[in-house]
S.K.: 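Before we start, here is the structure in question, set down as structure tokens.
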Amino acid sequence: MKTIVNTAYINYCINQRCVSAASNSCRIQLFIKDCFVQGEVLCAPQCQRWKVHIVQKGREKTVFSLDGKQNKVFCFEPDAEYEYRLVFTADKNCTLRLYNIPDCITDIMYTDNK
């Protein structure tokens, strides 16, 4: 797998009415604000380990770190005054799916987990 996908497919219910939305730049203001990066890591059973880091550019300071061996959803609010790099490190059995990427995330990188 080892792909990075930026598509959103969201099911949500408001006033007992269920709605679906699918888009490459989906924004549901009730749940998602522009300043949050949201996504999930999808793992095949053979997954050994994955890591997601968000690093503040210029200072090279890690501001968000998450790892695991199973599917996981994440959400992080970066400070919009800075620029960040998102680094996904994983083996070929993992996929990073991003649902919302604020403008301050300027680089998205993938590296092999060896």
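Residue numbers run from 1 in the order of the sequence given.
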S.K.: I'd like to check the salt bridge (charged side-chain N to carboxylate O under 4.0 Å, His left out) partners of Glu77; sequence neighbours left out, ordered by chain and number.
M.R.: none

S.K.: At their closest point, which heavy atom of Asn100 faces which heavy atom of Phe36, and how far apart are they?
M.R.: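 So the two residues come closest at ND2-O, 2.5 Å.
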
S.K.: For residues Thr89 and Trp50, determine if any side-chain heavy atom of one lies less than 4.5 Å from a side-chain heavy atom of the other.
M.R.: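 Counting from C-beta outward, Thr89 and Trp50 never come under 4.5 Å.
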
S.K.: How close do Phe88 and Thr95 get, heavy atom to heavy atom, and via which atoms?
M.R.: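 Here Phe88 and Thr95 meet closest at CZ-C, 4.1 Å.
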
S.K.: Rounded at 0.5 Å granularity, tell me how far CD1 in Ile101 sits from CG in Leu86.
M.R.: 8.0 Å

S.K.: For Lys72, check side chain to side chain donor-acceptor pair (under 3.5 Å) against everything at least two apart and list the hits.
M.R.: none

S.K.: Do Ile108 and Tyr110 belong to the same hydrophobic cluster, where Ile, Leu, Val, Met, Phe, Trp and Tyr are linked whenever their side-chain heavy atoms lie under 4.5 Å apart, directly or via other members?
M.R.: yes

S.K.: Supply the atom-to-atom distance Phe74 CZ to Leu66 CG, rounded to the nearest 0.5 angstrom.
M.R.: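 It comes to 7.5 Å.
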
S.K.: If we ignore hydrogens and angles and just use 3.5 Å, is the side chain of Tyr99 paired with the main-chain N or O of Glu40 as donor and acceptor?
M.R.: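 No, Tyr99 side chain to Glu40 backbone: no donor-acceptor pair under 3.5 Å.
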
S.K.: Starting from Val37, can I reach Tyr84 by hopping between I/L/V/M/F/W/Y residues whose side chains sit under 4.5 Å apart?
M.R.: yes

S.K.: Excluding sequence neighbours, so at least two apart, what forms side-chain contact (heavy atoms from CB on, under 4.5 Å) with Gln48?
M.R.: Asp91

S.K.: Given the rule in the side-chain contact (heavy atoms from CB on, under 4.5 Å) test, do Val55 and Phe64 qualify, once you have shown the distances and angles that lead to the verdict?
M.R.: CA-CA 7 Å; Val55 179; Phe64 177 83; over 6 Å; no

S.K.: What is the distance from atom CD of Glu81 to atom CG of Asp79, rounded to the nearest 0.5 Å?
M.R.: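 Rounded to the nearest 0.5 Å, the CD-CG separation comes out at 5.0 Å.
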
S.K.: To the nearest 0.5 Å, how far apart are CG in Leu42 and CG in Leu96?
M.R.: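 That separation rounds to 8.5 Å.
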
S.K.: Flag yes if Val73 and Ile105 sit in one hydrophobic cluster, no otherwise; membership is Ile, Leu, Val, Met, Phe, Trp, Tyr, and two members link when side-chain heavy atoms are under 4.5 Å apart.
M.R.: no

S.K.: Same hydrophobic cluster for Leu98 and Val41, using side-chain heavy-atom links shorter than 4.5 Å among ILVMFWY?
M.R.: yes

S.K.: Quick one: which residue pairs count as a side chain to side chain donor-acceptor pair (under 3.5 Å) with a foot in residues 61-71, not counting sequence neighbours?
M.R.: Arg49-Asp67, His53-Ser65

S.K.: Residues in salt bridge (charged side-chain N to carboxylate O under 4.0 Å, His left out) with Glu60, at least two apart?
M.R.: Arg85

S.K.: Of all residues at least two apart in sequence or in a different chain, which pass the side-chain contact (heavy atoms from CB on, under 4.5 Å) check with Gln46?
M.R.: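 In terms of side-chain contact (heavy atoms from CB on, under 4.5 Å), with neighbours along the sequence ignored, Gln46 is linked to Ala44, Asn93.
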
S.K.: What are the two closest heavy atoms between Tyr82 and Cys104, and how far apart are they?
M.R.: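 Heavy-atom minimum between the residues: O-CB, 3.1 Å.
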
